[in-house]
Amino acid sequence: MNCASESHAYVIFGATGNLAMAKLLPALYQLHSLGHLAPDVRILGCGRTPYAQDSWRAEVEKHLQTADAALLDSFLQRIDYLAGNLEDAAFYQALDAWMGASVCGNNVIFYLSVSPEFYVPITIRLAQAGLLVERTGWRRMVIEKPFGHDLQSARDLQHELNTRLDEEQIYRIDHYVGKESVQNLLVLRFANMILEPLWNRHYIDHVQITHAETIGLDGRANYYDRHGGATRDMIQSHLLQVLALLAMEPPVSLEAESLRDEKVKVLRSIRPLGQPQLASHAVRAQYAGYQQEAGVAAGSHTETYAALKLYVDNWRWRDVPFYLRTGKRLKERRSMVAVRFREPPMQLFQGSGASAVHPNWLLIGIQPDDVVQMEISAKVPGQETRTRQISMDASVGNPGERKADAYEDLLMDVIQGDRSLFLRYDEVKAAWNVVDPVMRGWADDERPPLQYPVGSWGPKAADQIFGQADREWRQTLSCNDKPESKL
Ligand code: BG6
């Protein structure tokens, strides 16, 4: 990461919200402490809640974990607050005045960390006030997910943005792609030769992508119950991005367009799930007690767990299932990719009464463990030829190495104008094409979602998505049961 060479201002709409306080401001603080922010960079928080400048700085300070008083003080000197109604023209006049007085170099990043219904009104007001025009400096806009709540609304949003901003000015953020472990997927695949020859339908049996959470709505019931649900909230964006990175062809370079060209090809190759496949390829469920949570609509069918079986219909992946699942209030917080390889053509080591040699797995921990593991069969020492699964483990980081938060990298990329980790509109559109038919099918189904107990691994029905007795969800990174087989 290079030092920011240009002066700019980060203007955060929705600055008093959870995302800004928990992620954006701490990430900017980290960039400041690492010396990546030019000396005259200013950070403006915008929101409805009135704050005097000092009390705003005190509020931000509460969310920063630091023991370095001087560093903290120099960071707080960078930040200001502007209160107002984000739909009111007067607010944008005040913003214009602040920019005139505070911004060196005329470069500004507008970060929309607000509820999605404000994306368009804020953009319109910024455009009307002339604040999106790039006269002497650049203007960039960061848009949080969800980009629309279905394909049509994504198109409408894109149209509204496009009439006021050039595509180069738009940064559609997916924080998952900024995670070190997710960026590592590219390195694993394209900086090594050992995987590539095996990375196709001839050697891979199936792929599982899991994002399991123990937390529930976390105070976001209004958003989640209306705009979210596990499929829209996690699969449409984060998990399909992971799938795209796993399944894409090698890009010609890491330049933004090359990378995004390859991702979009994968997303476009995913076979849409029609109504007839829904029952066997998609599972939705709600954790017990969801209906009683404050802010959840009575009788809500919003799913807090979803699992999909998808196929990428291209030369490399034809007929290899990709299983995606995510859920809230599950047994563990764990995100991982599990790639199961095919079995050898002959079970040479399978003796009578002994279990079969187990297939190889490549396991990639995304969080909390950032690890890469390969499970292989090996001989158990002794006279008899018995085999067991052993795991070759590699922790990705070295002791003492600091792991950057996803937002740190992404916020810095915006400053540097690097859009490679941000989503292009055609990627978003292709992802909605995958998710829309599922959501429509479920909306037409009057039966309530299945229920699963809090603290479980989700509904039992999710196990049936494999449709094959020898496939099941990988719940952990550790070797399943250390099975042994005897010749
Ligand atoms: C967000 C979703 O995008 O990602 C949340 O809206 C989810 O519902 C979160 O909890 C998970 O991301 P992470 O990085 O906190 O595991």
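Every number for a ligand or one of its atoms is a count from 1 in the order of the listing. Residues: numbered from 1 along the sequence shown.
Ranking the protein heavy atoms by distance from atom 7 (C) of ligand 1 puts Glu213 OE2, 3.1 Å first. Among protein heavy atoms, atom 16 (O) of ligand 1 sits closest to Gln367 NE2, 2.7 Å. Of the protein's non-hydrogen atoms, the one nearest atom 8 (O) of ligand 1 is Asp233 OD2, 2.5 Å.
By the 3.5 Å distance cut-off applied to N or O atoms, His175 is counted among the residues near ligand 1. Polar contact check, Tyr223 against ligand 1: no nitrogen or oxygen pair lies under 3.5 Å apart. Residue-to-ligand polar distances keep Tyr176 apart from ligand 1: every N/O pair is separated by 3.5 Å or more. Where the criterion is an N or O separation shorter than 3.5 Å, residue side chain and backbone included, Arg333 fails it with respect to ligand 1.
Each of Arg172, Gln241, Arg268 was scored for a side chain to side chain donor-acceptor pair (under 3.5 Å) with Glu427, with one residue passing: Gln241. Between Leu324 and the choices Thr210, Ile235, Thr231, the side-chain contact (heavy atoms from CB on, under 4.5 Å) rule is met once, by Ile235.
The contact set between ligand 1 and Lys145, taken as ligand atoms under 4.0 Å from a residue heavy atom, comprises 1 (C), 2 (C), 3 (O), 6 (O). The His211 neighbourhood of ligand 1 comprises atoms 11 (C), 16 (O), with distances under 4.0 Å to a heavy atom of that residue. Those atoms of ligand 1 that come under 4.0 Å of a heavy atom in His238, given as number and element, are 1 (C), 3 (O), 4 (O). Interface atoms of ligand 1 facing Lys328, defined by a heavy-atom separation under 4.0 Å, are 5 (C), 7 (C), 8 (O), 10 (O).
Aromatic pair Phe13/Phe118: ring centres not closer than 6.0 Å.
A salt bridge is defined here as a Lys NZ or Arg NE, NH1 or NH2 lying under 4.0 Å from an Asp or Glu carboxylate O, and Arg57 with Asp80 meets this definition. Look at Glu196 and Arg316 and you find a salt bridge, because one of the NZ, NE, NH1 or NH2 atoms lies within 4.0 Å of a carboxylate O, short of that distance. For the pair Glu257 and Arg419, the salt-bridge criterion is met [side-chain N within less than 4.0 Å of a carboxylate O]. Using a cut-off of 4.0 Å between Lys/Arg side-chain N and Asp/Glu carboxylate O, Arg125 and Asp88 are scored as not salt-bridged.
Under the 4.0 angstrom criterion for non-hydrogen atoms, Lys179 is in contact with ligand 1.
Looking only at side-chain heavy atoms (C-beta outward), Tyr81 and Thr16 come within less than 4.5 Å of each other.
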